[in-house]
Each structure stands twice: as C-alpha cells, then as structure tokens.
Protein chains: 2
Amino acid sequence: MLPTPRAERFPVNTPAASQIFTTVLSQGPLTRLEVARRAGLSAAAVTKAVRPLIEAGYLVEDADAQAPPALGRPANLVRVDGGRALFVGIKVTGDEIIGVLTDLCCRISVARHTALTSRDLTAVLAAVADVVQELRIEADGFGAPVLGVGIAVSGDVDRGEGTVRYSPFLEWHDVPLAELAGITTGLPVTVDNDVRALTVAEQWFGAGAGLSDFAVVTVGAGIGCGLVVHGRVVAGAHGVAGEIGHVTVDPSGPRCHCGNRGCVEAIAADAAILRRIREATGVEVADTTEAVRLAHSGVAAAREAYARAGEAIGRGIATVANLLGPERVIISGEGLAAYDLFAEQIRDAFTAAAFGSAARCDVQTRPLTFEEWARGAAATAIQSFIRADT
Amino acid sequence: MLPTPRAERFPVNTPAASQIFTTVLSQGPLTRLEVARRAGLSAAAVTKAVRPLIEAGYLVEDADAQAPPALGRPANLVRVDGGRALFVGIKVTGDEIIGVLTDLCCRISVARHTALTSRDLTAVLAAVADVVQELRIEADGFGAPVLGVGIAVSGDVDRGEGTVRYSPFLEWHDVPLAELAGITTGLPVTVDNDVRALTVAEQWFGAGAGLSDFAVVTVGAGIGCGLVVHGRVVAGAHGVAGEIGHVTVDPSGPRCHCGNRGCVEAIAADAAILRRIREATGVEVADTTEAVRLAHSGVAAAREAYARAGEAIGRGIATVANLLGPERVIISGEGLAAYDLFAEQIRDAFTAAAFGSAARCDVQTRPLTFEEWARGAAATAIQSFIRADT
DNA sequence: ACTGTTCTTTTCCGACGTCAATAAAAGAAG
DNA sequence: CTTCTTTTATTGACGTCGGAAAAGAACAGT
C-alpha cells in the first residue's frame, strides 16, 4: 500500500472499471454483455473500460471461444491474462515462512518453505526478504513483473494501516510490517490477517466467486472463520471477527485456552482431538496423522473424538448461518484430511441446529494445502494492486 | 415501493445527495463542512446538494445555532425539518395492530392500537387501512402530507419485493403485502421484517447513528437480533438472519420450539421464564409483570429464572460480538422492564465469553415501548422515501 | 482598518457512464 | 445468393456529477 518507487500501476482508477475487471477476474471468461449484466452497468461502459485493459495486456479476448448454440452475432469472450503479472504471497507462522509465486489469476507457480529460527522482527523481515528475493529470481523465467507482495499473519492485523497490532504467535505489538517489508523488498506490500486473506482468495478465485454473502471455516490447528457480508470481508471494529473457534457449544465441555469451556476450538482443533484420544486411551498420540490412522483402524476413542469435533464444527457453522444467513459455507483447512471421519457429524449437527431456511445454506468442503495460506496472501496483494474496495 | 399516483417524490436522486441528507438526518444538526467530512465528499458537493433540499423544505438552517468557541467565520448548522413530512408506521402482531404517525425525523406524534379479530389477509388489510385512515385524519392537524407507510411483520419478509414470504404468527405465505396495502391506502408502502425495521430506526434515529457495524438485540416474547454490517442491515440469503434466539447456549437445556435444546430463546424469552418459575415453584404465573413482581419480592425461583435468562442473553451477545466485532450492541425490547433482574448476568456472561478485544464492544440498553416497533416500520418508510440504499 | 481564520459559495472543468444509433457477425428464410 | 432476423459490440453525443481552486463572507483579535 505504500508508494513504492517506479512500481507499475494498474491503468484504471474509476470504481466502475475496477469492478468490471474484478468481475472478469473472478467469474472467468465472459462476454462483454454478460459482464455488463453482472456488474450492473451498460454494455457501452464495459466496452470502454475493457479497451485500455486489453491494450495494457491485463485482459485478452479468448479466441478459442466455445460457441454455445448461438443465434445472432457470436459473443467474444474476455478473460484476464494471468501471465501478465506476478505476485508473491507469504504466510508467516510461528516457525516457518511459506512463500508462493502466483500469476494475476492467483495460480501458484512456485512455492518456497523456509524455517524460521527466531521470531524477532528483524529475523522475520530478513527471512521474508530472502523468500521474496528467491521468488523474484524464479519469476524472471516467466517474463512477467512481480507487482506486489502480500503477507498473511495470524492475529489482529490492520490491513489499511499495514500494521500487525498484535500477534500472539510472534509476540508482536503494533509492528508496521507493510512499511518495513516494503523497504526491504522494494515492492508494494499488503498485510492482512491469515484467515481474511484466505477468504479473499475464495471470494475472488474460489468457491465464493460471485457471491455477496458467504463464510469460510478453517479447521486445523485452530478453528477460524472468514466472513463476507454485503460483498466485503468483515474485519470487526476492534480487530476481532469470525471467531467461530470461541463460540460455545458445550458449557460443560473441556476448558479452552481462552478461559471458557466448550469452545469449538477446545473440541475440534487438532490439539483438542489429540488430547481427547490421550485422555480416553492413556496413549500419547504424536500428531494428527497418527490420530487419523488410529481412527481409520477402528480405535473407538479416536473415532469418537473426531465425531465430537464434527458435531462442534457443525454447530458452529449453524450459528454463523443463523446469524448471517450466508449463501454458502466453505469448510477448509488442513484438518480436512480427516474429513471422512466427521463429515456426517458436521452435516447432521448443522442441519439440526440451523433455524428454518438457514439450513438451505450450501455447505461445501475444499481441501487446503499449507501453501493455500500463502496464496491467500497473494490474493490480498492482487486486490490491493487493483485497489478495488469491493 | 410501488408507483403510486401523485405521490410526492423526494427531490433528489443522486447517491451523494441522498447520502448527504441521510447524514444530516441521522447525525443531527451539522455544519456543511462537517457533513462533507462524514460523508467523504467535498464541501462544494454539500453546498450544491443542500440548496435544493432547503428550497424543497426538507432541510433548514438552524438559526439559533449554538456557537462553540469559534475562530473564523461562524458555521451555519443544517438540520432536517421534521415537520416537513409525515409517515405512518404499522406493526402487525398476531392479535393487534399498532400504528404511529411520525414526522420525517421519526418522532412519534400519534399512536393507535386496534385489536385484530381475525388473521385473514382481508381482515388485516382492512384494519391496516382503517388505522392509516385514522392517522391521516390526525395528520391534517399538522399541516404536512403523509408520504409513506411502513409495515413491520415478524417472519420472513422480502422488503425489495414487498412480500411476506412466510409469517408463522399470521400463517401467511407469499403475500404481496406492499402492493395490496398500497391499493387500499393509496400511499407508497414498504414492508419489512419487524426486527430489521427496529434496527433501521436505531441506525438512523437511535443509538446506531453514525455507526457502520452494530447489533440490536430484542428481548421479550422472543429473542431477536438485527445486524448492521458495513453500514447495511443484514437480510440473509434465504430470509434468515440475526437468529440469535436460536443460538445454543446449553445443549442440555430446555427444549425449544425449534426442536433443539438450550437455545437462548428457550431460556430467556418471556414464556421460558414463566415456565421455569412454574416448574420450580409449582405456581402458575400469569404474565411477566407478575414474574417481575415475584422476583422483586425475593422469590428465589423467580430471581434464578431471570439470572439464567441474563446469562443466556449475555452469551448470545458474546457470540455475535465474536463473529462480527460490532462497535456496539443495543439491548432493547419489552423484556427490559426486568432489566435490573438480569443486567449483571448479561454483562458478566458477555465479558466472560467475549474473545479478546471483542469485549471492548459497547453494550447499551434502550427501553422500548410497544409503539417503538411501529416506529421502526415508519423508519423503513422514511428510508424508502429517501431511497437511500445505504 | 487590517489580519488571520474558518466556513461557504461560485466557477470552471474533467471525467464518467448512459442513451440511442450504428456496425458487425452470424444463422434462417426465401 | 440475397435478404431478414437476432444478438453482440462500438461509437459519439450528451448530461450530470463531483472535485479543485479561488473568491467571498463573517467573525475575533490587534
């Protein structure tokens, strides 16, 4: 977001034009008329907005257009030329930095993992700069410029300011990360919360494309949730939003690190599942892979732990659906590796707890590799580049 | 919303102008410069938008401006002339119709209650027409035209279409109420869900003025919730939203009419409190007035029922705060008559269950008479008249 | 009276998007 | 093969909206 020297700028500033570009970006190849309809504009406006974008190389006409049973003049499909520009997305965790290089359509071409030896700001900054530098070298092979960097951090992040207000994992307070990383990398940097970044990726390049109200629920080490309401990601007045992990599902349940009992996260997060298996069997379980294996081999305690987790998640999703009435909920995260172990419970608990037609909400799952978190960061960088506030 | 013959129209159509008017309407008398700041526009735009509105009589310059310690040219305050136009708000319940006459600033001048003998559509329509007619006669005394009617109905209402999709109390399905009532009254009619209407009233004329993210929680016969996110009332993709009443707070709690156990509504709604007192004491309690009396006179079972209700409400509010991070939550409804009986529990449960800085959310209470529901309906009519989609 | 300060208005101008008309590109009909 | 119909894309004129900048207005000190 910072003014970085000689950075290439998107050749469009009007709200309508950036909305048109966004529509093409997220809703695949479209005819100009169809773009006009979906963006609520006239066909003329689309024609006028599209031309400079084609000239600048961001849009192309799809020559090999599939011709649906057409009457009248055949339509010319317009799509984004993903290869026109590249972006870097970075996910910072407590002990690792994951970087990806994506094109303008947020397709990953290269990924890099780097272990983090220290959580000091300077160490993280250096590691980030290293990863960005490596990916820029890779980028040379693609013949397109890298136009921005997105960094995703868990915790309380002010994207507008580009600061990390508080990160429990990194133990940072009020770090102006966008500015600092902008200096070390020489590129425009966008910083956002990791779950919100993932939500942006779904909104523009995933299962949320074209929807104005949906939710993303991540299952894994923690239980997170990104919300899109009225077409915009919810940020929360005080930096807190989407804390589905701390919705109470059982006041007499296990204690959560937040101090309450029976939070979704205290039942369905990886550590909670491992703990429950240990408490039931007395056997220490190393990691989730092991836990999944146990469950699949029929160990009752493991199966039961996953069933309870599924029920908690389903209830949490129902709570979101009851309050916001989203069109769709996308369940994602590393925890989905065990999806078959709790899919049924999620669905049953959701259906039972959803009120009235909130149950008509479409609940989907989407597998998630760890690089997807970094891809979310890239999505925020793309969003900032286009500077669409939608 | 229907095109009604010779209805007076608001002399403004541009988004900026209606936003300017809305800002003045909801944020009291303001200087033009201050309006510009809050609306994110230039001072010139405000001057240009304000003039025709003053000429049409909707705005006036406040002559008796309080002059704060001023340096430089004194500011001219602009405010809405409430007396310029009148609106009718109607709340339809299962057995009563409440109508109010308000001015443009949504201040009630007259109220009318009419018992409903039948829930048939024709009977309700006739009663609505009667109430509107009576209020229009009253309106003659104020020398201002009645410019619209708002009707609030509980259930699934499509405000855009002006239809009641489903109302459990009235047993209506897909009734085009706005159109029908428009014919019988000869005025433009807006139909909306009752809780959302109340939320609009708070957003424009109440404790939500100027906020872009807040929630209204109503406590009484049911537990409802209206949400404003990104400056707009949440309607829900399937007509369901804000169902805080069916957030589960205790999976082993009392059964709720929705089929689940331990919903907020199953613990904190009027009937739930009465039932709990009856089950604990064996004494049949007639109504909430009686229940409050018992609690005030020290009957332990009654006090405990209210305490539990407060805890459930506080947890429900915390759930909203954790998911959406609103700036403020406004607790309202007839149930507040017993506020002193559960205020402490609401606050404690909220503080305990709110995650991190979500607890910084400002929780307020606002007493609510039954006419306020009708006032909410009037607010939707005013909103439609100005046709601001904000 | 003059200056400084702040609010308000005016004038000018560029930009944006719609309207309506026109061109383009097919298949269908004769 | 020509002409018509249908649908999509483009063009240019036009009106409008809102911003920038400058001028004006209204007061308090000095």
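Just so it is clear, the model here is predicted, and its values are computed rather than measured. Residue numbers start from 1 in every chain, and the chains themselves are labelled A, B, ... in the order their sequence lines are given, proteins ahead of strands.
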(request) Nearest whole angstrom, please: distance from the P of dT8(D) to the CG of Leu41(A). (result) 17 Å

(request) Measure the shortest side-chain to side-chain distance between Leu177(A) and Val189(A) over non-hydrogen atoms and say whether it is less than 4.5 angstrom. (result) no

(request) Any pair with a residue in residues 23-48 of chain A that passes ring-ring contact (aromatic ring centres under 6.0 Å, His included), sequence neighbours left out, goes on the list, sorted by first then second residue, please. (result) none

(message) Contact between Pro145(B) and Arg84(B) at the side-chain level, heavy atoms closer than 4.5 Å - yes or no?
(response) yes

(message) Using the rule ring pair (Phe, Tyr, Trp, His ring centres under 6.0 Å), only one of Phe10(A), Phe385(A), Trp204(A) pairs with Phe21(A); which is it?
(response) Phe10(A)

(request) Could you tell me whether the side chain of His230(B) reaches within less than 4.5 Å of the side chain of Val234(A), counting heavy atoms only? (result) yes

(message) Measuring only between side-chain heavy atoms, which start at C-beta, is Glu61(A) closer than 4.5 Å to Arg32(A)?
(response) yes

(message) Is there a side-chain contact between Val233(B) and Val200(B) in this structure, where contact means two heavy atoms from C-beta onward sitting under 4.5 Å apart?
(response) yes

(message) Measuring to OP1 and OP2 of dG18(D), would you say a side-chain N or O of Thr14(B) lies under 4.0 angstrom away?
(response) yes

(message) For a quick check, with a 4.0 angstrom heavy-atom cut-off, what is the B/S/- contact string for nucleotides 4-14 of chain C, read 5' to 3'?
(response) -BBBBBBBB--

(request) Would you kindly say whether Arg159(B) and Ser384(B) are connected by a side-chain donor-acceptor distance under 3.5 Å? (result) yes

(request) Find the bend of the helix from dA1(C)-dT30(D) to dG30(C)-dC1(D) as the angle between its two terminal axes (five pairs each), to the nearest 10°. (result) 20°

